[in-house]
Structure formats: C-alpha cells, structure tokens
Amino acid sequence: MRLYIGIDLPAVVKHSLYEAQMRLQKLGIEGSWKSPEYFHITLEFFGELLPESIPALAEIVESVISEKQAFKLHVNELGAFPSFQRPNTIWAGVGGSTKKLDQLWMELHDELIKNGFVLQKLPFKPHISLISRLKNSKADLSSFSFGKPTKFTVSEVIVFESKVVEGKRAYPALYRAKLKTGENTTLK
C-alpha cells in the first residue's frame with residue numbers, strides 16, 4: 001500500500017483552488033491537473049508499506065497530536081517545483097499559523113523516525129499540488145493571485161492511502177486523528 005500522512009481541506013478551500021486551476025488553464029498551462037476532491041497538504045509520504053503498518057502509524061499520529069490545538073491556515077501564494085523557470089509541479093502555498101504546522105510536522109517526523117519508519121530527506125515545504133508534469137508552459141505566473149485568502153482550520157491529521165481506482169489516483173482516508181478544538185480555544 002502507498003501511504004502518507006496529511007491534512008485534508010474543507011470544500012470551500014477546494015472550490016477556491018479549483019477556480020485557481022481554471023484561471024491557470026486559461027493562461028494556457030497544460031499538464032496533469034490534480035482532482036479538487038483530493039486536494040491536501042502532505043506531512044509525510046512513505047511510498048509502499050505493508051497494511052500491518054497502519055495501526056503503528058495511527059498510534060504515532062494520535063500520540064503526537066492528542067494534546068495539540070487546532071489552528072488556522074490560508075492559501076497565500078503560487079509556487080513551482082523545482083522553480084518557475086523549470087516548473088514540473090505548480091502548487092498553492094499556505095500562510096497563517098505556519099509555526100504550528102511546522103512544529104506538528106517536526107514532532108511527527110521525529111516520532112516516525114524513532115519508530116523505525118524510513119522518511120524522505122527533503123525539507124518540509126507545505127503546499128497543495130494543483131498540476132504536475134507540465135508541458136512546456138511559457139505562461140507568466142509572476143502576477144498570479146489567489147485573491148482574498150481562503151482561511152481554514154486544521155482540526156485533524158489523516159493517514160491516507162494513495163491508489164489507482166479506474167485509472168485515476170484516489171486518496172481514501174484510513175485513520176483520522178482530531179486536534180483539540182474548544183469554545184475557549186483561540187484560533188490564530
């Protein structure tokens with residue numbers, strides 16, 4: 001099973017990102033467009049793991065986030081991997097409580113390593129992939145804007161499977177761990 005840990009996005013954010021995809025298409029950008037229903041932020045990607053690893057992943061996720069408070073993020077920038085000069089993937093970046101997101105990732109990353117999981121050695125760059133495998137796009141994206149930031153609350157972390165269903169990539173949730181939310185919680 002191809003597994004990863006990530007953050008799902010609310011429908012309103014997915015719709016806003018879909019509208020951004022449509023605007024990018026009008027600029028002549030072509031490639032493999034990501035399905036809006038599966039927009040997410042990846043925290044850790046594992047690749048192939050045995051199904052028996054799911055309980056351990058769920059336990060680690062639960063232990064890391066069990067005392068963490070929910071926090072707010074928003075879509076704030078357009079980026080490209082490896083760069084806008086040679087884009088392979090165009091993505092939406094996030095702003096808001098990024099220190100809380102970075103801390104969550106760091107604690108999760110460290111705990112996974114302590115428990116013997118082999119992780120990618122790339123630095124953590126939170127993003128939402130919009131399109132990959134670009135085809136020779138010469139569009140000027142320097143002035144592209146998402147408009148008014150779409151804010152959302154990160155209230156859970158999910159263990160996902162990445163699989164192909166009827167020729168398309170799908171990402172079913174296998175385990176959901178909730179962050180604390182409460183009436184007295186200040187979400188900044």
Side-chain angles (χ1 to χ4, degrees), residues 4-24 29 33-46 57-58 60-84 87-112 119-132 141-160 162 171 173 175-188:
Y4 71 95
I5 298 172
I7 297 167
D8 198 9
L9 304 173
V12 67
V13 176
K14 291 178 179 182
H15 181 73
S16 174
L17 292 170
Y18 172 73
E19 289 177 340
Q21 281 183 320
M22 295 301 99
R23 293 193 343 257
L24 288 167
I29 295 176
W33 294 97
K34 302 301 179 185
S35 174
E37 78 178 286
Y38 296 122
F39 286 150
H40 66 273
I41 299 169
T42 300
L43 296 173
E44 290 290 353
F45 179 78
F46 302 100
L57 287 175
I60 292 167
V61 170
E62 192 68 47
S63 72
V64 168
I65 74 160
S66 64
E67 296 301 316
K68 296 211 174 305
Q69 294 290 332
F71 55 93
K72 293 263 188 195
L73 294 176
H74 62 267
V75 175
N76 74 340
E77 66 178 336
L78 191 69
F81 291 135
S83 69
F84 277 120
N88 180 50
T89 300
I90 294 178
W91 47 263
V94 295
S97 296
T98 56
K99 286 184 182 178
K100 290 181 181 183
L101 179 62
D102 290 343
Q103 184 68 33
L104 172 70
W105 172 81
M106 187 180 341
E107 290 178 27
L108 187 60
H109 186 83
D110 290 347
E111 197 61 31
L112 288 162
L119 305 176
Q120 296 179 333
K121 294 185 176 16
L122 299 171
F124 180 55
K125 175 67 177 169
H127 67 280
I128 304 144
S129 296
L130 302 175
I131 182 174
S132 61
L141 300 175
S142 61
S143 62
F144 186 88
S145 170
F146 286 103
K148 184 179 176 187
T150 307
K151 296 180 182 180
F152 60 99
T153 301
V154 175
S155 60
E156 67 180 358
V157 174
I158 303 171
V159 177
F160 289 99
S162 173
Y171 307 97
Y175 180 80
R176 295 174 183 269
K178 303 282 186 193
L179 284 88
K180 287 185 170 186
T181 58
E183 292 180 28
N184 295 329
T185 303
T186 304
L187 300 177
K188 295 184 180 180

Min side-chain heavy-atom separation Pro36-Leu17 under 4.5 Å: no

Side chain proximity check, Ile131 to Trp33, heavy atoms < 4.5 angstrom: yes

Donor-acceptor contact below 3.5 Å, side chain Lys68 vs main chain Leu179: no

Under 3.5 Å: donor-acceptor pair, side chain of Gln21, backbone of Lys34: yes

Whether over 12 other heavy atoms sit under 6.0 Å from Lys151 NZ: no

Atom OH of Tyr38 with >12 non-hydrogen neighbours under 6.0 angstrom: yes

Reported [atom1]-to-[atom2] distance for the pair [X] and [Y], which is rounded to 0.5 angstrom:
{"X": "Trp91", "Y": "His127", "atom1": "CH2", "atom2": "NE2", "result": "7.5 Å"}
{"X": "Asp8", "Y": "His40", "atom1": "CG", "atom2": "NE2", "result": "9.0 Å"}
{"X": "Leu9", "Y": "His15", "atom1": "CG", "atom2": "NE2", "result": "14.5 Å"}
{"X": "Ser66", "Y": "Lys178", "atom1": "OG", "atom2": "NZ", "result": "15.0 Å"}
{"X": "Ser155", "Y": "Gln69", "atom1": "OG", "atom2": "CD", "result": "12.0 Å"}
{"X": "Lys99", "Y": "Leu101", "atom1": "NZ", "atom2": "CG", "result": "13.0 Å"}

Ile90 versus Leu78, closest heavy-atom pair with distance: CG2-CD1, 3.5 Å

Residue pair Ile60 / Glu111: nearest heavy atoms and the distance that separates them: CG2-CG, 3.7 Å

Parallel, tilted or perpendicular, as decided by the 30° and 60° cut-offs, for the rings of Phe146 and Phe144: perpendicular

Plane angle bin for Tyr4 and Phe160 - parallel if under 30°, tilted between 30 and 60°, otherwise perpendicular: parallel

Pair His109 and Phe124, ring centroids less than 6.0 Å apart: no

NZ/NE/NH1/NH2 to OD/OE distance under 4.0 Å, Lys148 and Glu19: no

